Amino acid sequence: MTYFDPLTRHVRLTDGTIPDAAAVQTRRLRDLEGLFVDRAAERALMASDPLVYEVHEATDGPKEDGHLLFSTTVLKPGRVGAEYFMTKGHFHARSDRAELYYGLSGEGMLLLQTPEGRVDVQPMIPGAASYVPPHWGHRTINTGSEDFVFLAVYPADAGYDYGTIATYGFASAVVAGPDGPRVIANPHYRPPASGA
Ligand code: S6P
Ligand code: ZN
C-alpha cells in the first residue's frame, strides 16, 4: 500500500489566500461572457475586463476516488448592470459528487439548480456551512461590498461540467434591488427539453 502524506495548508482569514497554494485560477469578465442577464452592460464592461474571482487550490493531490480537494474562492464585489459578480457555475462532471462550502468573509449567495431547472438559494455569511448535494449545479454570488470568500471541499474526482450552464444558464439571477439583493427569473434561461 502506498500512502498519500497528510498535509496542512494555511488559509488566510484576512483575504482567503493560501500562501502554499498549488495553483491560483483567475477569472475575469471575459471568462464569463454571455452569462449575465444584461448583455449590453456586459459588453460595456468588457473593455476593462475586470477581475471577477480567483480560486486558490490548496493541493494538487490525486484526482482520484477517495481523495478530497479543497480551495478558496475570492469573489470580488461588483455588478454587471444590476446583477452582482458571480462565478461561472458548474455541475460536477461526476454529477453524483457532493460538496461543502464554508463562508469565511464577506457575504453572498449560493444558487443551486437541478438538471430539470429547480432552483434553490442559500445565503452565505462567515461561518455558514452550505451543503451542495449530488446532482445540483452551483454558482456563488457576491451580494456585498467587500470580497466574498469561502472554502470549498469536494471529492477529487468530481471534475467540472461548465457546458450545461453555458448552454442552458441558471433559471434565476441575483440583482441589486431597492432593499438589497433580489432573486429574479433569468430571461435567457432555456429549460432543457428533458433534463440536462
Ligand atoms: C469546485 C467548487 C469551487 C468552484 C469555484 C469557482 O467544485 O465548486 O471551488 O470551482 O468557486 O467556481 P466555478 O464555477 O468557476 O468553478
Ligand atoms: Zn463544485
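Numbers here are sequence positions counted from 1. Whatever order the structure lists ligands and atoms in, that order sets their numbers, starting from 1. Just so it is clear, the values below take in all heavy atoms, side chains as well, and ignore hydrogens, waters and symmetry mates. None of the values given here were measured: they were computed from a predicted structure.
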Inset, instruction - With side chain to side chain donor-acceptor pair (under 3.5 Å) as the test, would you mind laying out the steps for H135 and S95 before giving the verdict? - result: CA-CA 5 Å; H135 304 296; S95 71; 3.1 Å; yes

Inset, instruction - With the Zn ion (ligand 2) as the reference point, give the N/O/S atom of H92 that is nearest. - result: NE2

Inset, instruction - Specify the protein heavy atom at minimum distance from atom 5 (C) of ligand 1: its residue, its atom name, and the distance to 0.1 Å. - result: T73 OG1, 3.3 Å

Legend entry - the Zn ion (ligand 2): angle it makes with NE2 (H90) and NE2 (H138), nearest 10 degrees: 90°

Inset, instruction - Would you indicate which of Y101, Y160, F150 comes nearest to atom 8 (O) of ligand 1 when only heavy atoms are counted? - result: Y101

Legend entry - Atom name, E99 (N, O or S, nearest to the Zn ion (ligand 2)): OE1

Inset, instruction - Assess the side chains of H92 and H138: does a donor N or O sit below 3.5 Å from an acceptor N or O? - result: yes

Inset, instruction - Check for a donor-acceptor pair, side chain of E57 on one end and backbone N or O of V24 on the other, with a separation under 3.5 Å. - result: no

Legend entry - Quiz item: cation-pi between K88 and Y162, 6.0 Å / 45°: yes

Legend entry - Nearest neighbour in protein (non-hydrogen) for atom 16 (O) of ligand 1: Y162 OH, 2.5 Å

Legend entry - Region of H92 that comes within reach of ligand 1 [heavy atoms, distance under 4.0 Å]: side chain

Inset, instruction - Would you give the length of the straight line joining atom CE of M109 to atom CZ of F148, rounded to the nearest 0.5 angstrom? - result: 10.0 Å

Legend entry - Whether V55 lies under 4.0 Å from ligand 1, heavy atom: yes

Inset, instruction - Please name the pair of heavy atoms, one in R28 and one in D49, separated by the smallest distance, quoted to 0.1 Å. - result: NE-O, 2.9 Å

Legend entry - Nearest-contact summary for atom 15 (O) of ligand 1 - protein heavy atom, Å: Y53 OH, 2.5 Å

Inset, instruction - Measure the distance from atom 2 (C) of ligand 1 to every protein heavy atom, then report the residue, atom name and distance (to 0.1 Å) of the closest one. - result: E99 OE2, 2.7 Å

Inset, instruction - Using the six-membered ring wherever Trp is involved, compare the ring planes of F4 and H67 and label them parallel, tilted or perpendicular (cut-offs 30° and 60°). - result: perpendicular

Inset, instruction - Could you say whether the N/O atoms of A152 and ligand 1 ever approach to under 3.5 Å? - result: no

Legend entry - Test item: N142 side-chain N/O and S145 main-chain N/O as donor-acceptor pair under 3.5 Å: no

Legend entry - Heavy-atom closest contact (H188 atom, F36 atom, distance): CD2-O, 4.0 Å

Inset, instruction - Among all protein heavy atoms, pick out the one at the shortest distance from atom 12 (O) of ligand 1; state its residue, atom name and that distance to 0.1 Å. - result: T87 CB, 3.6 Å

Legend entry - Ionic contact status for D157 with R94, cut-off 4.0 Å: yes

Legend entry - Test item, S71 contacting ligand 1 (heavy atom, 4.0 angstrom): yes

Legend entry - Top protein contact for atom 4 (C) of ligand 1, by heavy-atom distance: H90 CE1, 3.7 Å

Legend entry - Residue H138 vicinity, atoms of ligand 1 by number, heavy atom under 4.0 Å: 8 (O)

